[in-house]
Amino acid sequence: MEKLFSVPLKGGTITDVYTCSPDDVERTISSYPSSLSVFDDNTAKAYGKSIDSMSLILPHGEEHKNWASIDSILAKAIESGLARDSVFFGIGGGVILDMTAFAASIYMRGARCVLVPTTLLSAVDATLGGKTGIDYGGAKNTVGTFFPSESVLICTELLKTLPESEYRSGLGEVLKHALLSENAELWNFLLDNKDKVLSRDGNTVSEMIRLSLEVKISYITRDPEEKKGIRSALNLGHTFGHALESLYDYGISHGEGVAWGVVRALEAGEAMGITSHSLSSSASELFRLYGFDEGFRIPEDLFGRYFKAIGKDKKKKSGEVRFVLLEGQGRPVLKPIDEDLVRRIVTKRA
Ligand code: GLY
């Protein structure tokens, strides 16, 4: 196991991030006398896991990110005799990680938690920063806590077997981090290593994850509970992107939606005189290079539904949706955008 980072977060908690092999994960789990490992049925299969007294397998999918799953985790924890110093292992994508950490955060007022991401998206996003939770009341992540895990174990080997669409979804977030970075390291790395990134070369993927997490860390350590308007920048592309995902009933992956949304945010910034044309066009070029359909536009007759979906965005403050825009690479600002400009940016030109 190699330690990549020690990240200081909420209330003096430190999250240690390691790269490791699946055997290291097994060894780590066995090293704790009392633990519960939570999988979904897909990851359990990939992991060759069957139900035993120390593990729980939940059905996969966003539709199971709910109280019923939290109830199952807590019931299993009680049944297995877990105490406050026992460890909850979340092994899976973002849904499993968010729910396991949420259950750990409320079990006996806070047990221990270790996260093992099995998707690129969760490796570069859900693992770090302590956001936990479930979907409730028809909206995503409406109930939850901030509860940073004590460690994160990233096995790049597991990412080799991800379906292509799942891997690409993670790349959307990685490219977003390149734009949010205050330096050019990740962006240049992506430009120089496209073929190795796409063929999932082990060392290249590890380095890409390290550089990507470095960007996330710089935002979450400055604003651990998203109270200062700094961490919200990580939502670059999400307001445009979530609404697109919702418009197409989640037939578009999260990362594809974010990638599309980042390019729209840059175009909007350019139209508002905030973003330079050169940043906007070189970012579009980067997304194109990685095969994202960044030029896609929605049909004009769907705009009403699209704009309504934007209104549901959770970054709505005092009745106003604020978008993350970029004054430059690594220089985010939050601003409202008027409906006419959104229409111009997202719809098919006649
Ligand atoms: N996923 C965005 C954040 O962690 O704040």
Side-chain angles (χ1 to χ4, degrees), residues 5 7-11 13-15 17 62 65 90 92-102 104-105 113 115 117 119-135 139-149 151-152 154 166 169-182 186 209 211-243 245-246 250 253-262 265 312-317 321-326 330 332-334:
F5 305 104
V7 190
L9 285 162
K10 188 193 159 190
T13 316
I14 292 181
T15 302
V17 184
E62 187 79 29
K65 196 174 181 184
V95 171
I96 286 292
L97 302 191
D98 285 4
M99 291 201 299
T100 307
F102 181 40
S105 76
C113 181
L115 299 178
T119 63
L120 177 60
L121 183 64
S122 60
V124 297
D125 189 18
T127 47
L128 262 188
K131 282 188 177 175
T132 83
I134 54 168
D135 303 338
K140 283 171 101 170
N141 302 320
T142 28
V143 172
T145 54
F146 278 101
F147 191 71
S149 63
S151 47
V152 171
I154 301 175
E166 186 58 64
S169 181
L171 285 177
E173 287 281 347
V174 172
L175 268 60
K176 178 205 78 177
H177 281 159
L179 278 146
L180 286 172
S181 175
E182 285 164 7
L186 177 56
I209 291 174
L211 291 171
S212 192
L213 284 177
E214 219 163 55
V215 178
K216 176 151 189 182
I217 289 167
S218 88
Y219 284 86
I220 59 179
T221 49
R222 284 181 285 155
D223 184 12
E225 292 191 30
E226 205 165 337
K227 286 182 175 156
K228 301 180 192 161
I230 299 171
R231 182 170 178 163
S232 343
L234 292 168
N235 293 317
L236 173 65
H238 284 57
T239 308
F240 282 112
H242 274 159
E245 289 173 65
S246 150
Y250 298 92
S253 75
H254 178 67
E256 295 269 1
V258 167
W260 182 84
V262 170
K312 287 195 185 143
D313 196 274
K314 66 176 182 221
K315 289 165 290 305
K316 204 170 177 185
K317 274 204 171 167
V321 178
R322 295 189 305 158
F323 294 72
V324 182
L325 304 177
L326 288 181
V333 279
L334 291 171

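Computed from a predicted structure; not experimentally measured. Every number for a ligand or one of its atoms is a count from 1 in the order of the listing. Throughout, numbering of the chain's residues begins at 1 and tracks the sequence.
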Minimum heavy-atom separation for S149 and T15, please, with both atom names.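 Nearest heavy atoms, S149 then T15: O-OG1, 2.7 Å.
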Return yes if a side-chain donor-acceptor contact under 3.5 Å exists between E173 and H238, otherwise no.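 Per modelled atom types, E173 and H238 side chains form a pair under 3.5 Å.
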What's the verdict on side-chain contact (heavy atoms from CB on, under 4.5 Å) for L326 and L180, showing C-alpha distance, side-chain angles and the deciding distance? CA-CA 8 Å; L326 288 181; L180 286 172; 4.2 Å; yes
Out of D125, L128, N141, indicate the one that has the non-hydrogen atom closest to atom 2 (C) of ligand 1.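 It is D125 that holds the nearest heavy atom.
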Tell me the protein heavy atom at minimum distance from atom 5 (O) of ligand 1, and give that distance in Å.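 Its nearest protein heavy-atom neighbour is R231 NE, 2.7 Å.
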Hey, can you tell me if H254 and H242 have their rings parallel, tilted or perpendicular (30° and 60° cut-offs)?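 Ring orientation of H254 relative to H242: tilted.
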Using a 4.0 Å cutoff against the non-hydrogen atoms of K131, which atoms of ligand 1 qualify?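 It comes down to these atoms of ligand 1: 2 (C), 3 (C), 4 (O), 5 (O).
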